[in-house]
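Model, not experiment: these values are computed from the prediction. Numbers restart at 1 for each chain; the letters A, B, ... are given by sequence-line order, proteins then strands. Values below: all heavy atoms of this structure, side chains included; hydrogens, waters and symmetry mates excluded.
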Amino acid sequence: MSTVRVRFAPSPTGGLHLGGVRTVLYNYLFARQHGGQFILRIEDTDQTRFVPGAEQYIQDCLAWCGLIPDESPAHGGNYGPYRQSERKAIYLPYAQQLVAAGQAYYAFDTPEELEAKRKAVPNFQYSHATRMEMNNSLRLGEAVTKELLEKNTPHVIRIKMPENETVTFTDMIRGEVSFNASQSDDKVLLKADQMPTYHLAVVVDDFLMKITHAFRGEEWLPSAPVHVLLWKYLFGLDKMPQWAHLPLILKPDGNGKLSKRDGDRLGFPVFAMNWTDPKTGEQTKGFKEMGFLPAAFTNLLAMLGWNDGTEQELFSLEELVQKFSMERVHKGGAKFDFEKAKWYNHEWIKRLGVEGMRQVAASQLQEHGIAAEADYTNKVIALVKDRCTLLTDFWQESKFFFETPAQYDLPSVQPKWNDKKQQFFVEIIRQFELMQFWNATDLEKEFKEMMAVHELKPGDVLLPLRVMLVGGKSGPAVFDIAAVLGKEETIARIKAMMKLLQLQK
RNA sequence: GGCCCGUUCGUCUAACGGUUAGGACAUCAGAUUUUCAUUCUGGUAAUAGGGGUUCGAUUCCCCUACGGGCUACCA
């Protein structure tokens with residue numbers, strides 16, 4: 001049994017989509033599980049769609065997810081180059097071989113002619129039914145073809161799809177799939193610029209790169225017979241990789257493939273990382289910048305179309321490597337649910353140690369121009385971490401630890417404020433000042449004793465205290481907050497708001 | 001239109017042909033936290049329809065419906 005080799009083969013045309021990352025993930029898991037290699041191959045055969053920076057961006061996304069290829073344009077390898085544009089010369093001989101064998105032919109029809117034809121004939125297909133009406137070597141004959149070729153007439157090479165042949169192959173997810181070869185049209189294999197189309201390039205490169213298993217989105221299923229035929233003609237079916245056509249990731253509402261537009265429309269990311277279109281300057285949010293943990297991202301992606309058969313939902317990448325199996329991948333597409341995605345992230349944040357949150361916290365503090373002691377920040381993280389669904393929630397959840405509240409929720413305190421409470425806080429300040437140990441337990445004890453003395457109920461003074469310290473009604477336990485804030489700051493904040501309350505009177 | 005693929009709670013999904021059709025997200029109710037979030041407890045909620053095969057069908061087969069994908073010198 002040869003070494004497992006799989007590849008992810010994106011074209012560098014823009015942001016990396018959820019579905020793309022999931023394909024990467026499944027490839028990666030499969031490779032690791034079988035001790036094989038995972039290859040990144042850039043399919044940049046269409047110059048017109050090439051977007052500068054997109055390739056680097058893809059590499060960055062994979063790196064962020066922790067799905068590092070073993071071979072790629074950046075990493076090199078023994079089967080390079082890994083950019084199809086740099087392999088251009090490789091494909092022509094294979095196409096010519098097919099022509100020589102009568103399995104493909106030259107076609108001289110110009111794009112304009114084809115367009116006109118498609119306009120004139122509804123549902124026009126360049127196939128066995130129509131190919132003898134077109135300008136190709138099949139109709140023109142050898143002599144004319146030779147002449148045209150010698151005159152450098154622009155031409156493409158098309159596969160000649162057989163008329164009466166059923167193409168059958170076994171898909172790892174779907175089982176046996178059959179197509180009538182004549183249903184497919186005579187796909188272009190080599191374009192006029194001598195670049196291969198996807199159809200020729202995948203087959204040739206998968207062979208040359210010794211790919212053993214080929215995973216791709218379901219949208220490729222209809223063209224699979226072309227690829228199977230090409231394998232048969234060129235290299236032999238016994239060498240063909242095992243195919244798996246992955247189900248699509250669908251939009252949450254309605255139906256259809258999830259697209260970037262859906263994300264914009266519904267307010268969630270679709271790309272792994274922020275992407276800026278170099279042409280339009282248009283920016284698209286990514287999961288990374290939105291505050292997702294890579295572990296959560298890969299986890300949630302893995303579960304979109306796969307499960308291990310148990311009720312477990314939280315899997316680390318290592319666990320996925322162990323447990324993943326292509327046989328348990330679904331056939332049907334899955335609607336993407338951002339709420340569930342956030343749940344995964346929250347779970348992963350909760351699993352994260354204070355250590356893991358440090359970087360995130362530091363950069364958010366820096367963003368807001370705050371310089372805080374590491375020790376202090378750690379205490380805050382410990383208190384606030386589990387309250388964050390997204391990493392980016394950190395600042396919102398913790399800012400009152402780093403700056404005095406800009407505003408106080410007076411309306412929820414003021415109406416019930418009275419001299420009795422005023423007196424209580426005057427004395428609690430004095431009491432706090434005297435305290436030797438400053439920790440949540442002692443603070444709470446002192447506070448409650450004082451409450452008893454003043455015959456106040458917790459409800460009377462706990463909320464005011466919270467508003468004094470936080471500015472609003474949310475946050476962790478009040479005495480925990482006071483403990484972290486420290487004696488000086490706590491007292492200062494109590495005084496500050498009492499002053500405000502006085503002024504209102 | 002043609003070809004192909006698919007269909008279990010609103011969503012992601014589980015269920016060797018035998019289960020009170022299970023879990024999770026969301027949602028609702030209650031408890032805890034005298035706040036908010038977390039957490040806990042409980043509830044609502046599904047096998048698209050019709051035919052077969054079978055003692056027995058969510059599961060196998062056929063038809064219908066619905067949904068999706070593809071139908072470029074794009075991938």
Classify [X] by what it touches in the nucleic acid, base, sugar-phosphate, or nothing, heavy-atom distance under 4.0 Å.
X: A:Arg216; answer: nothing
X: A:Gly305; answer: sugar-phosphate
X: A:Gly332; answer: sugar-phosphate

Value in whole Å for how far the [atom2] atom of [N] lies from [atom1] of [X]:
X: A:Leu463; N: B:U33; atom1: CG; atom2: P; result: 15 Å
X: A:Asp480; N: B:A37; atom1: CG; atom2: C1'; result: 14 Å
X: A:Leu469; N: B:C36; atom1: CG; atom2: P; result: 18 Å
X: A:Phe315; N: B:U13; atom1: CZ; atom2: C1'; result: 12 Å
X: A:Phe169; N: B:C4; atom1: CZ; atom2: P; result: 13 Å

Query raised in the report: Considering residues, nucleotides and ligands other than A:Lys331, do more than 12 of their heavy atoms fall under 6.0 Å from its NZ?
Result: no

Query - A:Lys457 vs A:Glu313, nearer the 5' end of RNA chain B by closest nucleotide - result: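 The residue mapped nearer the 5' terminus is A:Glu313.
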
Requested in this report: Return the 5'-most residue of the pair A:Gly472, A:Met303 with respect to RNA chain B, ranking by each residue's nearest nucleotide.
Outcome: A:Met303

Requested in this report: Could you tell me which non-hydrogen atom of A:Leu304 sits nearest to which non-hydrogen atom of A:Phe336, and how far apart they are?
Outcome: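 Nearest pair, atom of A:Leu304 first, then A:Phe336: CD2-CD1, 3.8 Å.
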
Query raised in the report: Which base sits across from B:U58 as a Watson-Crick or G-U pair, both distances under 3.5 Å?
Result: none

Report summary line: Applying the 3.5 Å cut-off to both distances, the Watson-Crick or G-U partner of B:A29 turns out to be B:U41

Query raised in the report: Do A:Arg174 and A:His245 have a side chain donor and acceptor closer than 3.5 Å?
Result: no

Query raised in the report: Between A:Asp186 and A:Ser127, does any side-chain donor sit less than 3.5 Å from a side-chain acceptor?
Result: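 Side-chain D/A pair, A:Asp186 to A:Ser127: absent.
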
Query raised in the report: Using a cut-off of less than 4.0 Å, is there contact between a side-chain N or O of A:Asn307 and OP1 or OP2 of B:A14?
Result: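 Result: yes.
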
Query raised in the report: Under 4.0 Å: is that the gap between some side-chain N or O of A:His330 and OP1 or OP2 of B:G6?
Result: no

Given [options], the nucleotide with the shortest approach to the side chain of [X]:
X: A:Arg387; options: B:U38, B:A37, B:U34; answer: B:A37
X: A:Ser474; options: B:C36, B:A14, B:U11; answer: B:C36
X: A:Val177; options: B:C12, B:U39, B:C5; answer: B:C5

Query - Spacing of the P atoms in B:U58 and B:U53 (rounded, Å) - result: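 Between the two P atoms, the distance is 16 Å.
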
**Report entry** Annotated protein contacts, base or backbone, on nucleotides 64-75 of chain B with a non-hydrogen cut-off under 4.0 Å, one of B, S, - each
**Finding:** ---SSBSS-BBB

Query raised in the report: Partners of A:His330 by side-chain contact (heavy atoms from CB on, under 4.5 Å), sequence neighbours excluded?
Result: A:Asn307

Query raised in the report: Can you name the one residue among A:His227, A:Met172, A:His213 that meets side chain to side chain contact (heavy atoms under 4.5 Å, CB included) with A:Trp243?
Result: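 Filter result, single survivor: A:His227.
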
Query raised in the report: Between A:Asp386 and A:Arg351, is the closest basic N to carboxylate O distance under 4.0 Å?
Result: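 No, no charged N to carboxylate O under 4.0 Å.
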
